[in-house]
Amino acid sequence: MAKPGKDLARQGALRLLQGVREGLSLSDQSGGLKRLLPADQARAGRLAAETLRHMDRADEVLQQYVNRKPSPQVLDVLRLATVELLELGGAAHGVVDAAVNLTRAQGKKGQAAAGMVNAVLRKVSQHQGWAQITPQELPDWLRDAVTDAYGEEATLAIEAAHQAGAPLDLTLKSAGQVPGADPLPTGSLRISGPVQVSALPGFGQGEWWVQDAAAALPARLLDPQPGENIVDLCAAPGGKTLQLAAAGAQVTAVDISQARMGRVADNLARCQLQADLVVADALDWRPKVTPDAILLDAPCSATGTIRRHPDLPYLRDGSGIPALVKLQAQMIDHALALLPPGGRMVYAVCSLLPEEGEAQISAALSRHPGLSVDRPDLPGQEPGWITAEGGLRLRPDYWSARGGMDGFYMARLRKPA
Ligand SMILES: C[S@@+](CC[C@H](N)C(=O)[O-])C[C@H]1O[C@@H](n2cnc3c(N)ncnc32)[C@H](O)[C@@H]1O
(Lines give C-alpha, C1' and ligand atoms only; values in the text may rest on other atoms or scores of the structure.)
Protein backbone atom coordinates (compact mmCIF):
# COMPACT_ATOMS: atom_id res chain seq x y z
CA MET A 1 0.00 0.00 0.00
CA ALA A 2 1.24 3.47 -0.85
CA LYS A 3 1.77 5.85 2.07
CA PRO A 4 0.23 9.34 2.06
CA GLY A 5 2.34 12.24 0.87
CA LYS A 6 5.36 11.25 -1.18
CA ASP A 7 4.01 7.80 -2.14
CA LEU A 8 0.72 9.24 -3.37
CA ALA A 9 2.71 11.73 -5.43
CA ARG A 10 4.82 8.88 -6.85
CA GLN A 11 1.65 6.94 -7.69
CA GLY A 12 0.34 10.06 -9.43
CA ALA A 13 3.61 10.43 -11.34
CA LEU A 14 3.38 6.81 -12.53
CA ARG A 15 -0.17 7.43 -13.73
CA LEU A 16 1.04 10.47 -15.66
CA LEU A 17 3.91 8.52 -17.24
CA GLN A 18 1.51 5.77 -18.29
CA GLY A 19 -0.78 8.44 -19.79
CA VAL A 20 2.10 9.86 -21.83
CA ARG A 21 2.87 6.33 -23.10
CA GLU A 22 -0.78 6.16 -24.17
CA GLY A 23 -0.51 9.48 -26.04
CA LEU A 24 -1.90 11.93 -23.48
CA SER A 25 -0.04 15.12 -22.64
CA LEU A 26 0.77 15.92 -19.01
CA SER A 27 -1.52 18.97 -19.07
CA ASP A 28 -4.42 16.95 -20.54
CA GLN A 29 -4.12 14.62 -17.56
CA SER A 30 -4.25 17.21 -14.77
CA GLY A 31 -7.91 16.29 -14.07
CA GLY A 32 -6.85 12.70 -13.35
CA LEU A 33 -4.97 13.76 -10.20
CA LYS A 34 -7.86 15.73 -8.68
CA ARG A 35 -8.15 13.30 -5.76
CA LEU A 36 -4.66 14.21 -4.56
CA LEU A 37 -3.91 17.22 -2.37
CA PRO A 38 -2.64 20.20 -4.41
CA ALA A 39 0.90 19.74 -3.01
CA ASP A 40 0.89 16.05 -4.07
CA GLN A 41 -0.52 16.94 -7.50
CA ALA A 42 2.32 19.43 -7.96
CA ARG A 43 4.90 16.90 -6.77
CA ALA A 44 3.49 14.18 -9.04
CA GLY A 45 3.73 16.57 -12.01
CA ARG A 46 7.32 17.49 -11.14
CA LEU A 47 8.38 13.84 -10.73
CA ALA A 48 6.79 12.84 -14.05
CA ALA A 49 8.35 15.81 -15.86
CA GLU A 50 11.82 15.08 -14.44
CA THR A 51 11.50 11.41 -15.38
CA LEU A 52 10.62 12.37 -18.97
CA ARG A 53 13.54 14.85 -19.10
CA HIS A 54 16.03 12.16 -18.02
CA MET A 55 14.41 9.02 -19.45
CA ASP A 56 17.20 8.04 -21.85
CA ARG A 57 19.86 8.71 -19.20
CA ALA A 58 17.95 6.57 -16.68
CA ASP A 59 17.68 3.79 -19.29
CA GLU A 60 21.43 3.97 -19.90
CA VAL A 61 22.02 3.27 -16.20
CA LEU A 62 19.26 0.68 -15.86
CA GLN A 63 20.39 -1.42 -18.81
CA GLN A 64 23.59 -2.16 -16.88
CA TYR A 65 21.63 -3.81 -14.05
CA VAL A 66 18.42 -5.18 -15.59
CA ASN A 67 18.73 -8.60 -17.23
CA ARG A 68 15.26 -9.17 -18.67
CA LYS A 69 13.08 -6.43 -20.16
CA PRO A 70 10.49 -5.49 -17.50
CA SER A 71 6.84 -4.69 -18.27
CA PRO A 72 6.21 -1.03 -19.22
CA GLN A 73 4.63 -0.39 -15.79
CA VAL A 74 7.61 -1.81 -13.90
CA LEU A 75 9.99 0.06 -16.19
CA ASP A 76 8.18 3.29 -15.27
CA VAL A 77 8.79 2.54 -11.57
CA LEU A 78 12.48 1.85 -12.25
CA ARG A 79 12.90 5.03 -14.31
CA LEU A 80 11.13 7.20 -11.77
CA ALA A 81 13.20 5.81 -8.89
CA THR A 82 16.45 6.12 -10.87
CA VAL A 83 15.76 9.80 -11.56
CA GLU A 84 14.82 10.36 -7.92
CA LEU A 85 18.02 8.66 -6.74
CA LEU A 86 20.55 10.06 -9.19
CA GLU A 87 19.09 13.40 -10.29
CA LEU A 88 16.92 14.58 -7.42
CA GLY A 89 19.15 13.31 -4.60
CA GLY A 90 16.46 11.13 -3.00
CA ALA A 91 17.56 9.03 0.01
CA ALA A 92 18.21 5.44 -1.16
CA HIS A 93 16.26 3.73 1.62
CA GLY A 94 13.03 5.70 1.09
CA VAL A 95 13.15 5.70 -2.72
CA VAL A 96 13.89 1.98 -3.03
CA ASP A 97 11.24 0.97 -0.48
CA ALA A 98 8.64 3.12 -2.17
CA ALA A 99 9.53 1.67 -5.59
CA VAL A 100 9.21 -1.88 -4.24
CA ASN A 101 5.80 -1.06 -2.71
CA LEU A 102 4.59 0.56 -5.93
CA THR A 103 5.72 -2.52 -7.88
CA ARG A 104 3.97 -4.92 -5.49
CA ALA A 105 0.79 -2.87 -5.85
CA GLN A 106 0.72 -3.81 -9.56
CA GLY A 107 -0.87 -7.22 -8.93
CA LYS A 108 0.63 -10.65 -9.59
CA LYS A 109 3.22 -9.51 -12.12
CA GLY A 110 4.24 -6.72 -9.75
CA GLN A 111 4.63 -9.19 -6.85
CA ALA A 112 6.94 -11.26 -9.05
CA ALA A 113 9.01 -8.24 -10.10
CA ALA A 114 9.41 -6.66 -6.63
CA GLY A 115 12.62 -8.56 -5.80
CA MET A 116 14.22 -7.55 -9.09
CA VAL A 117 13.22 -3.88 -8.55
CA ASN A 118 14.75 -3.97 -5.07
CA ALA A 119 18.03 -5.51 -6.29
CA VAL A 120 18.35 -3.26 -9.34
CA LEU A 121 17.64 -0.04 -7.48
CA ARG A 122 20.11 -0.87 -4.70
CA LYS A 123 22.77 -1.04 -7.43
CA VAL A 124 21.45 2.12 -9.10
CA SER A 125 21.72 3.97 -5.79
CA GLN A 126 25.47 3.19 -5.78
CA HIS A 127 25.93 4.10 -9.47
CA GLN A 128 28.81 6.46 -10.29
CA GLY A 129 28.97 8.68 -13.38
CA TRP A 130 25.40 10.00 -13.72
CA ALA A 131 26.65 13.55 -14.22
CA GLN A 132 28.82 12.40 -17.14
CA ILE A 133 25.89 10.97 -19.13
CA THR A 134 25.04 13.49 -21.85
CA PRO A 135 21.58 15.12 -21.91
CA GLN A 136 18.96 13.15 -23.74
CA GLU A 137 18.72 13.74 -27.47
CA LEU A 138 15.75 15.16 -29.30
CA PRO A 139 13.80 12.58 -31.33
CA ASP A 140 15.31 12.09 -34.81
CA TRP A 141 12.61 13.99 -36.75
CA LEU A 142 13.27 17.08 -34.65
CA ARG A 143 17.00 16.64 -34.07
CA ASP A 144 17.72 16.50 -37.79
CA ALA A 145 15.76 19.71 -38.44
CA VAL A 146 17.32 21.54 -35.46
CA THR A 147 20.84 20.45 -36.45
CA ASP A 148 20.25 21.55 -40.07
CA ALA A 149 19.10 24.95 -38.79
CA TYR A 150 21.60 25.69 -36.03
CA GLY A 151 24.42 23.10 -36.20
CA GLU A 152 25.49 20.24 -33.92
CA GLU A 153 26.99 22.40 -31.15
CA ALA A 154 23.82 24.48 -30.80
CA THR A 155 21.69 21.31 -30.85
CA LEU A 156 23.69 19.91 -27.91
CA ALA A 157 23.23 23.23 -26.08
CA ILE A 158 19.48 23.15 -26.78
CA GLU A 159 19.29 19.57 -25.45
CA ALA A 160 21.16 20.67 -22.30
CA ALA A 161 18.67 23.54 -21.90
CA HIS A 162 15.75 21.10 -22.24
CA GLN A 163 17.27 18.94 -19.52
CA ALA A 164 17.70 21.94 -17.21
CA GLY A 165 13.98 22.79 -17.35
CA ALA A 166 12.56 26.29 -17.05
CA PRO A 167 12.37 28.88 -14.28
CA LEU A 168 9.13 30.75 -13.59
CA ASP A 169 8.79 34.01 -15.53
CA LEU A 170 6.22 36.68 -14.79
CA THR A 171 4.92 39.63 -16.80
CA LEU A 172 3.86 42.61 -14.72
CA LYS A 173 0.62 44.45 -15.47
CA SER A 174 2.38 47.73 -14.72
CA ALA A 175 5.82 48.72 -13.39
CA GLY A 176 6.66 47.14 -10.04
CA GLN A 177 8.39 44.25 -8.30
CA VAL A 178 7.54 40.83 -6.93
CA PRO A 179 9.59 39.84 -3.84
CA GLY A 180 12.13 37.15 -4.72
CA ALA A 181 11.91 37.79 -8.48
CA ASP A 182 14.84 39.06 -10.56
CA PRO A 183 14.29 41.53 -13.40
CA LEU A 184 15.35 40.32 -16.85
CA PRO A 185 16.80 42.65 -19.51
CA THR A 186 13.67 42.39 -21.67
CA GLY A 187 11.33 43.47 -18.85
CA SER A 188 10.03 40.15 -17.48
CA LEU A 189 10.66 38.93 -13.92
CA ARG A 190 12.24 35.57 -13.15
CA ILE A 191 11.95 33.29 -10.09
CA SER A 192 14.33 30.32 -9.89
CA GLY A 193 13.45 27.26 -7.81
CA PRO A 194 10.06 25.71 -7.09
CA VAL A 195 7.28 28.06 -5.95
CA GLN A 196 3.54 27.86 -5.55
CA VAL A 197 2.35 30.45 -8.08
CA SER A 198 -0.94 31.24 -6.37
CA ALA A 199 0.90 31.94 -3.08
CA LEU A 200 3.16 34.63 -4.58
CA PRO A 201 2.40 38.24 -3.61
CA GLY A 202 0.19 39.99 -6.16
CA PHE A 203 -1.38 36.83 -7.66
CA GLY A 204 -4.82 37.41 -6.15
CA GLN A 205 -4.68 41.08 -7.07
CA GLY A 206 -3.82 40.21 -10.68
CA GLU A 207 -0.65 42.29 -10.66
CA TRP A 208 1.18 39.82 -12.92
CA TRP A 209 0.74 36.63 -14.91
CA VAL A 210 2.98 33.67 -15.71
CA GLN A 211 4.58 34.03 -19.15
CA ASP A 212 7.98 32.91 -20.40
CA ALA A 213 10.32 35.83 -21.10
CA ALA A 214 10.46 34.90 -24.81
CA ALA A 215 6.66 34.58 -25.02
CA ALA A 216 6.36 38.13 -23.66
CA LEU A 217 8.24 39.62 -26.62
CA PRO A 218 5.71 39.32 -29.52
CA ALA A 219 3.23 41.69 -27.82
CA ARG A 220 6.09 44.10 -27.03
CA LEU A 221 7.23 43.91 -30.65
CA LEU A 222 3.74 44.93 -31.75
CA ASP A 223 4.18 48.08 -29.59
CA PRO A 224 0.50 48.50 -28.63
CA GLN A 225 -0.61 52.07 -27.96
CA PRO A 226 -3.44 53.23 -25.65
CA GLY A 227 -6.76 53.34 -27.50
CA GLU A 228 -5.55 51.38 -30.52
CA ASN A 229 -7.88 48.76 -31.89
CA ILE A 230 -5.89 45.51 -31.80
CA VAL A 231 -6.92 41.99 -32.80
CA ASP A 232 -5.26 39.02 -31.07
CA LEU A 233 -6.08 36.38 -33.65
CA CYS A 234 -5.08 33.18 -31.78
CA ALA A 235 -5.50 34.39 -28.25
CA ALA A 236 -5.92 31.54 -25.77
CA PRO A 237 -4.93 31.11 -22.97
CA GLY A 238 -4.39 34.84 -23.18
CA GLY A 239 -0.91 35.88 -22.02
CA LYS A 240 -0.53 38.23 -24.97
CA THR A 241 -4.13 39.48 -24.75
CA LEU A 242 -3.34 40.54 -21.17
CA GLN A 243 -0.25 42.43 -22.32
CA LEU A 244 -2.15 44.26 -25.08
CA ALA A 245 -5.03 45.14 -22.73
CA ALA A 246 -2.60 46.26 -20.00
CA ALA A 247 -1.04 48.65 -22.54
CA GLY A 248 -4.44 50.31 -22.90
CA ALA A 249 -5.39 48.91 -26.32
CA GLN A 250 -8.99 47.97 -27.23
CA VAL A 251 -8.42 44.27 -27.74
CA THR A 252 -10.50 41.74 -29.63
CA ALA A 253 -9.30 38.26 -28.71
CA VAL A 254 -10.22 35.50 -31.18
CA ASP A 255 -9.69 31.77 -30.66
CA ILE A 256 -11.24 28.68 -32.18
CA SER A 257 -11.48 26.86 -28.85
CA GLN A 258 -14.38 27.66 -26.55
CA ALA A 259 -12.71 25.81 -23.66
CA ARG A 260 -9.41 27.64 -24.07
CA MET A 261 -11.24 30.96 -24.40
CA GLY A 262 -12.64 30.29 -20.93
CA ARG A 263 -9.08 30.57 -19.66
CA VAL A 264 -8.68 33.94 -21.39
CA ALA A 265 -11.83 35.13 -19.59
CA ASP A 266 -10.50 33.84 -16.23
CA ASN A 267 -7.12 35.49 -16.75
CA LEU A 268 -8.69 38.82 -17.75
CA ALA A 269 -10.98 38.71 -14.71
CA ARG A 270 -8.12 37.97 -12.29
CA CYS A 271 -6.06 40.83 -13.71
CA GLN A 272 -9.06 43.19 -13.95
CA LEU A 273 -8.45 43.81 -17.65
CA GLN A 274 -10.92 44.01 -20.54
CA ALA A 275 -11.08 42.50 -24.02
CA ASP A 276 -13.85 41.45 -26.41
CA LEU A 277 -13.78 37.66 -26.70
CA VAL A 278 -14.79 35.93 -29.94
CA VAL A 279 -14.82 32.16 -30.40
CA ALA A 280 -14.31 31.67 -34.14
CA ASP A 281 -12.06 30.20 -36.79
CA ALA A 282 -9.62 33.03 -37.49
CA LEU A 283 -9.69 32.13 -41.20
CA ASP A 284 -13.44 32.91 -41.48
CA TRP A 285 -13.65 35.79 -39.06
CA ARG A 286 -13.72 39.47 -40.08
CA PRO A 287 -13.77 42.37 -37.58
CA LYS A 288 -16.56 44.98 -37.76
CA VAL A 289 -13.99 47.78 -37.41
CA THR A 290 -10.69 47.76 -39.29
CA PRO A 291 -7.96 47.08 -36.68
CA ASP A 292 -4.84 49.24 -36.26
CA ALA A 293 -2.72 46.16 -35.64
CA ILE A 294 -2.91 42.37 -35.41
CA LEU A 295 -1.08 39.84 -33.28
CA LEU A 296 -0.96 36.42 -34.90
CA ASP A 297 0.48 33.92 -32.42
CA ALA A 298 -0.19 31.03 -34.74
CA PRO A 299 -0.77 27.37 -33.86
CA CYS A 300 2.57 25.61 -34.31
CA SER A 301 4.68 22.57 -33.40
CA ALA A 302 5.42 24.12 -29.95
CA THR A 303 8.94 22.69 -30.28
CA GLY A 304 10.29 25.80 -28.53
CA THR A 305 8.55 24.84 -25.29
CA ILE A 306 10.12 21.43 -24.57
CA ARG A 307 11.80 22.82 -21.43
CA ARG A 308 8.31 23.27 -19.98
CA HIS A 309 6.65 20.38 -21.81
CA PRO A 310 9.10 17.45 -21.66
CA ASP A 311 6.25 15.14 -22.78
CA LEU A 312 6.17 16.74 -26.25
CA PRO A 313 8.99 14.65 -27.78
CA TYR A 314 7.13 11.48 -26.70
CA LEU A 315 3.79 12.58 -28.14
CA ARG A 316 4.69 13.96 -31.58
CA ASP A 317 6.39 12.50 -34.62
CA GLY A 318 6.56 15.55 -36.85
CA SER A 319 3.84 14.28 -39.19
CA GLY A 320 1.56 17.23 -38.34
CA ILE A 321 4.05 19.91 -39.36
CA PRO A 322 3.21 20.30 -43.08
CA ALA A 323 -0.46 20.93 -42.18
CA LEU A 324 0.58 23.52 -39.57
CA VAL A 325 2.88 25.28 -42.04
CA LYS A 326 -0.01 25.48 -44.54
CA LEU A 327 -2.41 26.82 -41.90
CA GLN A 328 0.12 29.42 -40.73
CA ALA A 329 0.54 30.74 -44.31
CA GLN A 330 -3.24 30.94 -44.73
CA MET A 331 -3.53 32.80 -41.43
CA ILE A 332 -0.81 35.28 -42.42
CA ASP A 333 -2.58 36.02 -45.71
CA HIS A 334 -5.97 36.39 -44.02
CA ALA A 335 -4.58 38.66 -41.28
CA LEU A 336 -2.84 40.88 -43.84
CA ALA A 337 -6.14 41.23 -45.71
CA LEU A 338 -7.79 42.54 -42.50
CA LEU A 339 -5.17 45.28 -41.98
CA PRO A 340 -5.47 48.82 -43.36
CA PRO A 341 -2.71 50.20 -45.64
CA GLY A 342 0.35 50.88 -43.44
CA GLY A 343 -1.06 48.59 -40.70
CA ARG A 344 1.27 46.31 -38.73
CA MET A 345 1.11 42.74 -37.67
CA VAL A 346 3.32 40.54 -35.51
CA TYR A 347 3.59 36.93 -36.56
CA ALA A 348 4.90 34.65 -33.80
CA VAL A 349 5.37 30.91 -33.19
CA CYS A 350 6.84 29.03 -30.20
CA SER A 351 8.72 26.78 -32.62
CA LEU A 352 12.36 25.94 -33.22
CA LEU A 353 11.68 25.07 -36.84
CA PRO A 354 12.62 27.66 -39.50
CA GLU A 355 9.84 26.38 -41.78
CA GLU A 356 7.33 27.75 -39.23
CA GLY A 357 9.32 30.96 -38.66
CA GLU A 358 11.99 32.48 -40.91
CA ALA A 359 10.82 30.61 -44.04
CA GLN A 360 7.20 31.47 -43.37
CA ILE A 361 8.02 35.20 -43.34
CA SER A 362 10.32 34.98 -46.39
CA ALA A 363 7.47 33.26 -48.26
CA ALA A 364 4.96 35.91 -47.15
CA LEU A 365 7.31 38.66 -48.41
CA SER A 366 7.44 36.97 -51.83
CA ARG A 367 3.66 36.47 -51.96
CA HIS A 368 2.86 40.11 -51.03
CA PRO A 369 4.77 42.74 -53.02
CA GLY A 370 5.39 45.87 -50.92
CA LEU A 371 5.09 44.00 -47.61
CA SER A 372 8.07 44.77 -45.35
CA VAL A 373 9.52 43.74 -41.99
CA ASP A 374 10.05 46.46 -39.34
CA ARG A 375 13.50 46.12 -37.80
CA PRO A 376 13.06 44.99 -34.18
CA ASP A 377 14.41 47.26 -31.44
CA LEU A 378 13.27 45.92 -28.08
CA PRO A 379 14.81 46.61 -24.67
CA GLY A 380 17.24 43.81 -23.83
CA GLN A 381 17.28 42.49 -27.40
CA GLU A 382 20.64 40.99 -28.45
CA PRO A 383 22.19 41.48 -31.93
CA GLY A 384 22.47 37.69 -32.49
CA TRP A 385 18.69 37.31 -32.24
CA ILE A 386 17.99 39.24 -35.48
CA THR A 387 17.49 37.06 -38.54
CA ALA A 388 18.29 37.71 -42.21
CA GLU A 389 14.70 38.67 -43.09
CA GLY A 390 14.45 40.98 -40.05
CA GLY A 391 12.68 38.78 -37.48
CA LEU A 392 13.84 37.64 -34.04
CA ARG A 393 14.96 34.05 -33.43
CA LEU A 394 15.03 32.99 -29.78
CA ARG A 395 16.38 29.64 -28.62
CA PRO A 396 16.30 27.68 -25.33
CA ASP A 397 20.11 27.81 -25.12
CA TYR A 398 20.14 31.62 -25.14
CA TRP A 399 20.62 33.33 -21.75
CA SER A 400 21.97 30.00 -20.46
CA ALA A 401 23.58 31.61 -17.40
CA ARG A 402 20.23 33.17 -16.49
CA GLY A 403 18.21 29.98 -16.93
CA GLY A 404 17.37 30.06 -20.65
CA MET A 405 14.22 31.04 -22.52
CA ASP A 406 11.63 29.29 -24.66
CA GLY A 407 12.32 28.89 -28.37
CA PHE A 408 10.35 31.45 -30.37
CA TYR A 409 10.28 33.22 -33.70
CA MET A 410 8.61 36.58 -34.32
CA ALA A 411 8.56 39.30 -36.95
CA ARG A 412 6.65 42.57 -37.32
CA LEU A 413 5.23 42.92 -40.81
CA ARG A 414 4.17 46.27 -42.29
CA LYS A 415 1.55 46.45 -45.02
CA PRO A 416 2.39 48.96 -47.78
CA ALA A 417 0.78 52.40 -47.17
C1 LIG B 1 0.11 29.35 -29.64
S2 LIG B 1 -1.49 29.27 -29.04
C3 LIG B 1 -1.82 30.95 -28.65
C4 LIG B 1 -1.22 31.39 -27.33
C5 LIG B 1 -1.75 32.76 -26.91
N6 LIG B 1 -1.51 33.76 -27.91
C7 LIG B 1 -1.14 33.23 -25.61
O8 LIG B 1 -0.24 34.04 -25.60
O9 LIG B 1 -1.59 32.77 -24.56
C10 LIG B 1 -2.40 29.06 -30.51
C11 LIG B 1 -3.91 29.17 -30.34
O12 LIG B 1 -4.47 29.14 -31.66
C13 LIG B 1 -5.77 28.61 -31.54
N14 LIG B 1 -6.19 28.22 -32.90
C15 LIG B 1 -5.84 27.13 -33.62
N16 LIG B 1 -6.42 27.16 -34.84
C17 LIG B 1 -7.17 28.30 -34.87
C18 LIG B 1 -8.02 28.89 -35.85
N19 LIG B 1 -8.21 28.31 -37.03
N20 LIG B 1 -8.62 30.06 -35.54
C21 LIG B 1 -8.43 30.63 -34.32
N22 LIG B 1 -7.65 30.11 -33.36
C23 LIG B 1 -7.02 28.97 -33.64
C24 LIG B 1 -5.60 27.47 -30.54
O25 LIG B 1 -6.85 27.16 -29.94
C26 LIG B 1 -4.59 28.06 -29.57
O27 LIG B 1 -5.25 28.60 -28.45
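Quick note: residue numbers are just sequence positions, from 1. Remember, it's a predicted structure, so these values are computed and weren't measured experimentally. Worth knowing before you read on, the calculation uses all heavy atoms, side chains too, and leaves out hydrogens, waters and symmetry mates. In listed order, ligands and their atoms are each counted from 1.
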- [ ] State whether a side-chain donor-acceptor pair under 3.5 Å links D284 with H334.
- [x] no
Task: Parallel, tilted or perpendicular: rings of F203 and W208 (30°, 60°) - done: tilted
Open item on the list: Looking at every heavy atom in both L85 and G90, which two are closest together, and how far apart are they?
Closed with: CD2-O, 3.8 Å
Task: Heavy-atom pair of closest approach, residues L233 and A335 - done: CD2-CB, 3.8 Å
Task: Close residues, ligand 1: non-hydrogen atom nearer than 4.0 Å - done: L233, C234, A235, A236, P237, G238, G239, K240, D255, I256, S257, R260, A280, D281, A282, D297, A298, P299, M331
- [ ] Hey, can you tell me if W130 and H54 have their rings parallel, tilted or perpendicular (30° and 60° cut-offs)?
- [x] tilted
TODO: Go through the structure and list residues passing side chain to side chain donor-acceptor pair (under 3.5 Å) with E389, not counting sequence neighbours.
DONE: T387, Y409
